[in-house]
Asker: 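Sharing a structure, written as structure tokens. Questions coming.
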Protein chains: 2
Amino acid sequence: MRELVKAFKALSDETRLRILNLLLERECCVCEVMQALDISQTRASRNLSALYDAGFLKLRKDGLWSLYSIDQEGMKEYLPYLVDAVRKALEGNEVVALDRGRLRKAERVGPGCGQQAMK
Amino acid sequence: MRELVKAFKALSDETRLRILNLLLERECCVCEVMQALDISQTRASRNLSALYDAGFLKLRKDGLWSLYSIDQEGMKEYLPYLVDAVRKALEGNEVVALDRGRLRKAERVGPGCGQQAMK
DNA sequence: AAGCTATAAGCGAAAATGCGCATATAAGCT
DNA sequence: AGCTTATATGCGCATTTTCGCTTATAGCTT
């Protein structure tokens, strides 16, 4: 769960999506990412790290360069959850109408839904 | 793009994933969500709103209740991007080795990669 | 009408996030 | 060795997010 949240968090940033999009085309060093997207070195490096930590990227060092690329294996790990949740939703496992009666006063354990002890 | 970021942002929170998971089973009112997940009313309401704003949920009012459920249509909207990006990644459009030579001094436009004017 | 109930929203505090600046580290070049 | 370059990271600040407390709103119930 925590992993999944982390993955989504990594995807919920425009810069990182742009980076991901760039890397979908080809492997890049921090340097290229920063040039291609016209962002600072710090920003490129930090966001690449974030994507890496989330398991989206693979890192290969070559001399001075840190070469990042999409990590197909990493993707495979979290993907099932994501796709599964989405597929279920799309299939629309018939939304069952609830017997809302069980929420009424009589059946409530504590102060019922109303957690607020109104004055 | 902004929409996609928003969608991912909505998914990058444990509470919201739990809510989504609950709603995948059945339509629920704020009340039920808050009981099922043992969270405050404010928290349930706010996070449901977030998911709703991101286009994941459908809202149906019935008397006092706000009944939320997965919005299959909404899902369909952003899904293509998501699935597409992921699919591309998994297919692994052959990572092309770059001619890193183009990064070398001679070809650089400005101060090259090195944006930092070192002392 | 009076009171209760489910939900939303304003406000403020705490926590998380993003990022620039400066610096550290490591590797290549001369 | 000394300089240059690519990348990572500590620090601090600004912005955003989260969430509880409180209150407003609207729809039941009696």
Side-chain angles (χ1 to χ4, degrees), chain A residues 5-6 8-19 28-35 37-54 57 59-68 98 100-101 103-108 110-119, chain B residues 5-6 8-19 28-35 37-54 57 59-68 98 100-101 103-108 110-119:
Chain A
V5 169
K6 195 174 180 183
F8 281 129
K9 202 160 280 186
L11 294 173
S12 55
D13 176 275
E14 187 159 350
T15 299
R16 286 193 290 275
L17 284 188
R18 290 175 65 206
I19 288 178
C28 287
C29 61
V30 179
C31 204
E32 289 173 301
V33 170
M34 106 191 206
Q35 285 179 356
L37 306 188
D38 191 32
I39 56 181
S40 75
Q41 185 268 326
T42 301
R43 198 166 168 182
S45 176
R46 285 245 169 73
N47 284 304
L48 278 164
S49 284
L51 287 170
Y52 179 83
D53 290 340
L57 305 184
L59 172 57
R60 179 168 73 87
K61 299 268 192 160
D62 177 19
L64 277 180
W65 295 291
S66 285
L67 301 163
Y68 288 95
L98 283 176
R100 217 146 302 279
L103 282 177
R104 294 190 178 281
K105 212 162 192 176
E107 292 95 331
R108 289 192 200 118
C113 298
Q115 80 301 352
Q116 28 191 5
M118 306 230 163
K119 60 167 178 290
Chain B
V5 169
K6 194 175 179 182
F8 281 128
K9 202 161 281 186
L11 295 174
S12 54
D13 177 275
E14 187 159 349
T15 299
R16 286 192 290 276
L17 284 188
R18 290 175 66 204
I19 289 179
C28 287
C29 63
V30 180
C31 204
E32 291 174 300
V33 170
M34 111 191 201
Q35 286 178 353
L37 305 189
D38 190 34
I39 55 180
S40 74
Q41 186 269 325
T42 301
R43 197 166 170 182
S45 176
R46 285 244 170 75
N47 284 302
L48 278 164
S49 285
L51 286 170
Y52 178 83
D53 289 341
L57 305 183
L59 171 58
R60 180 169 74 86
K61 299 267 193 162
D62 176 19
L64 277 180
W65 295 291
S66 284
L67 301 162
Y68 288 95
L98 282 177
R100 217 146 302 280
L103 281 177
R104 296 190 175 281
K105 215 162 192 176
E107 292 95 332
R108 289 191 200 118
C113 298
Q115 81 302 351
Q116 26 190 8
M118 306 229 162
K119 57 166 180 289

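Proteins come first, then strands; the chains are lettered A, B, ... in the order of their sequence lines, and each starts at number 1.
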Asker: What nucleotide, of dT7(C), dT7(D), dC19(D), holds the atom closest to the side chain of Q41(B)?
Answerer: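 Out of dT7(C), dT7(D), dC19(D), the nucleotide with an atom closest to Q41(B)'s side chain is dT7(C).
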
Asker: Think N47(B) has a side-chain N or O under 4.0 angstrom from the OP1 or OP2 of dC19(D)?
Answerer: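 For dC19(D), OP1 or OP2 has a side-chain N or O of N47(B) closer than 4.0 Å.
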
Asker: Are L51(B) and I19(B) close enough that some pair of their side-chain heavy atoms sits under 4.5 Å apart?
Answerer: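 Yes, close enough: below the 4.5 Å cut-off.
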
Asker: Just the rounded figure in Å: distance from P of dT17(C) to CZ of F8(A).
Answerer: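 After rounding, the gap between these two atoms is 16 Å.
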
Asker: Can you tell if the side chain of L59(B) reaches within under 4.5 Å of the side chain of S66(B), non-hydrogen atoms only?
Answerer: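 Yes. Closest side-chain heavy atoms under 4.5 Å.
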
Asker: Nearest whole angstrom, please: distance from the P of dA27(C) to the CG of L67(A).
Answerer: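 Atom CG in L67(A) sits about 14 Å away from atom P in dA27(C).
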
Asker: Can you tell me how far P of dT18(D) sits from CD1 of I39(B), to the nearest Å?
Answerer: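 Rounding to the nearest Å, CD1 of I39(B) and P of dT18(D) are 13 Å apart.
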
Asker: Are T15(A) and R43(A) side-chain neighbours, meaning at least one heavy-atom pair lies under 4.5 Å?
Answerer: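 The answer is yes, as the side chains (C-beta and beyond) meet within the 4.5 Å cut-off.
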
Asker: Looking at dG28(C), dT18(D), dG20(C), which one has an atom nearest to any side-chain atom of S40(A)?
Answerer: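 Closest nucleotide among those given: dG20(C).
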
Asker: Between dT18(D), dC19(C), dT7(D), which one does the side chain of S45(A) approach most closely?
Answerer: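 Of dT18(D), dC19(C), dT7(D), dT7(D) is nearest to the side chain of S45(A).
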
Asker: Just compare dA8(D), dC19(C), dA8(C) and give me whichever is closest to any side-chain atom of V30(A).
Answerer: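 For the V30(A) side chain, the nearest candidate turns out to be dA8(D).
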
Asker: Under 4.0 Å, heavy atoms only, any strand: does Y52(B) hit a base, just the sugar-phosphate, or nothing?
Answerer: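 It contacts nothing in the nucleic acid.
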
Asker: Taking the nucleotide of DNA chain C with the nearest heavy atom to each, does R43(A) or G63(A) sit closer to the 5' end?
Answerer: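 Nearest-nucleotide comparison on DNA chain C picks R43(A).
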
Asker: Side chain of R16(A), base of dG18(C): donor and acceptor closer than 3.5 Å?
Answerer: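 Check fails, no donor-acceptor contact within cut-off.
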
Asker: Reckon S66(A) has a side-chain N or O less than 4.0 Å from the OP1 or OP2 of dA6(D)?
Answerer: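 Checking dA6(D) against S66(A), no side-chain N or O comes under 4.0 Å of OP1 or OP2.
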
Asker: Nearest to the side chain of R46(A), heavy atoms from C-beta on, is which of dT7(C), dT7(D), dG20(C)?
Answerer: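 Between dT7(C), dT7(D), dG20(C), the one nearest the side chain of R46(A) would be dG20(C).
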
Asker: Without decimals, in angstroms, what is the distance between D62(B) CG and dT5(C) C1'?
Answerer: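 After rounding, the gap between these two atoms is 14 Å.
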
Asker: If you round to the nearest 0.5 Å, how far is CD1 of I39(A) from CZ of R18(A)?
Answerer: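 Reported to 0.5 Å precision, the distance equals 7.0 Å.
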
Asker: Confirm from the modelled atom types if T42(A) and dC21(C) form a donor-acceptor pair under 3.5 Å, side chain to base only.
Answerer: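 A donor-acceptor contact between them is present.
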
Asker: By nearest atom, which of the nucleotides dT7(C), dG18(C), dT18(D) is closest to the D13(A) side chain?
Answerer: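 In terms of side-chain proximity for D13(A), the closest of dT7(C), dG18(C), dT18(D) is dG18(C).
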
Asker: By nearest atom, which of the nucleotides dC28(D), dT17(D), dA27(C) is closest to the L64(A) side chain?
Answerer: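 Of the options given, the side chain of L64(A) lies nearest dA27(C).
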
Asker: Does V30(B) reach the side chain of W65(B), with side-chain heavy atoms less than 4.5 Å apart?
Answerer: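 No, too far: nothing below the 4.5 Å cut-off.
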
Asker: For E14(A) and dC19(C), what is the distance between atoms CD and C1' respectively, to the nearest whole Å?
Answerer: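 Checked: the CD to C1' distance equals 15 Å.
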
Asker: Roughly how many Å is it from NZ in K61(B) to P in dA26(D), rounded to a whole number?
Answerer: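 It works out to 10 Å between those atoms.
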
Asker: Below 4.0 angstrom from OP1 or OP2 of dA8(D), is there any side-chain N or O of Y68(A)?
Answerer: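 Affirmative; the distance criterion is met.
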
Asker: Roughly how many Å is it from CG in D38(B) to C1' in dG20(D), rounded to a whole number?
Answerer: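 Result: 15 Å.
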
